[in-house]
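Counting starts at 1 for both ligands and their atoms, following the listed order. When a residue number appears, it is its place in the shown sequence, counting from 1. Scope of the values below: all heavy atoms of this structure, side chains included, with no hydrogens, waters or symmetry mates.
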Amino acid sequence: MRKKMTNIKVALNSNMLVSCAADLFVASAQSAIKTRNRFSVALSGGSTPRELYARLATAEYSTRINWKAVHLFWGDERCVPPDHADSNYRMSRESLRVPIPEENIHRIYGELAPEFAAKKYENELRSFFKETPRFDLILLGLGDDGHTASLFPDSPALKESTRWAVGVEHTTPPPPLVPRVTLTFPVINNAREIVFLVTGRGKAARVSETLGSARTPCELPACAVHPANGNLSWLLDQSAAILLEESQQP
Ligand code: 6PG
């Protein structure tokens, strides 16, 4: 199946970036619910997506999605309790305040040991998808070391070709320096739609390296994100896009 092109959108400011991301999320959800009566989405963590989740919870957006048909998963999780300040689950639930039935929340049990949590998450994925998970939408961020989800440079998890979720040690920056659980590339690259949401000048070098021209092969984990049969979009603010060459600009 032909790989589709990478869409790159650069927003004038963060408000427009969040609106663009929210519109894309709504479109993906409406299409999935109309076609398959459900919408499976893997949320990204960190700090960038918080504004997007809060925007989706506003009346302007929340009324456009049938939240009872939405199933929330996470692309990765820090191995901390769900009420911990570093928990991606906590950040998401605090900002995405929408009426999703509790049975549709498929969190990663960060309070468990990484490998045990990964196996539990994989069982949850299997009972929902029955076969290799094909998410309607996976949201991703980009670390300033080029990681995405919790797939860090030089990690053995980058080479995982059969398991859907794995536990990873994480002892060097970027923080928090806690073990993680992450989806693997076989799942990420099986998605119908993948959206990177990246802001800030601190990410500009990695954005340029990741979206760089073919002449400079990229080794960063984010460079291995290419849906086999789906759409890939990068939503950037001007600061994150500032080092993109003319040829890479949308
Ligand atoms: C995590 C994330 C991670 C994040 C990037 C960017 O658990 O930390 O899933 O992949 O998306 O590190 O994080 P910021 O949005 O905080 O810059």
Report all side-chain donor-acceptor pairs from residues 54-61 shorter than 3.5 Å, counting only partners two or more places apart or in another chain.
residue: R55; atom: NH1; partner: S19; partner atom: OG; Å: 2.6
residue: R55; atom: NH2; partner: N15; partner atom: OD1; Å: 2.5
residue: T58; atom: OG1; partner: R55; partner atom: O; Å: 2.6
residue: Y61; atom: OH; partner: D23; partner atom: OD1; Å: 2.8

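When the options G200, A149, S44 are ranked by their closest heavy atom to atom 3 (C) of ligand 1, first place goes to A149.
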*Could you give me the CA-CA distance, side-chain angles and deciding distance for D237 and N13, then say whether side-chain contact (heavy atoms from CB on, under 4.5 Å) is met?*
CA-CA 6 Å; D237 69 359; N13 56 51; over 6 Å; no
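Nearest protein neighbour of atom 11 (O) of ligand 1, counting heavy atoms only, is G141 CA, 3.3 Å. Shortest contact from atom 15 (O) of ligand 1 to any protein heavy atom: T48 OG1, 2.6 Å. Protein heavy atom in closest approach to atom 12 (O) of ligand 1: H147 NE2, 2.8 Å.
Shown in contact with D76 at under 4.0 Å from a heavy atom are these atoms of ligand 1, numbered in order with element: 1 (C), 2 (C), 7 (O), 9 (O). Of all atoms in ligand 1, numbered sequentially from 1 with element shown, those under 4.0 Å from a heavy atom of R78 are 1 (C), 7 (O), 8 (O). Of all the atoms in ligand 1, the ones that sit under 4.0 Å from a non-hydrogen atom of K203 are 6 (C), 14 (P), 17 (O).
When heavy-atom distances to ligand 1 are checked against a 4.0 Å cut-off, R180 comes that close only through its side chain, counted from C-beta outward. Contacts between N88 and ligand 1 below 4.0 angstrom, taking non-hydrogen atoms only, involve the side chain exclusively.
A search for side chain to side chain donor-acceptor pair (under 3.5 Å) contacts involving E111 returns R107, not counting sequence neighbours.
Ring planes of F128 and F73: perpendicular class, angle over 60° (limits at 30 and 60°).
In this structure, D154 and L158 approach most closely via the heavy-atom pair N-CD1, 3.7 Å.
In this structure, a donor-acceptor pair under 3.5 Å is present between the side chains of W74 and S92.
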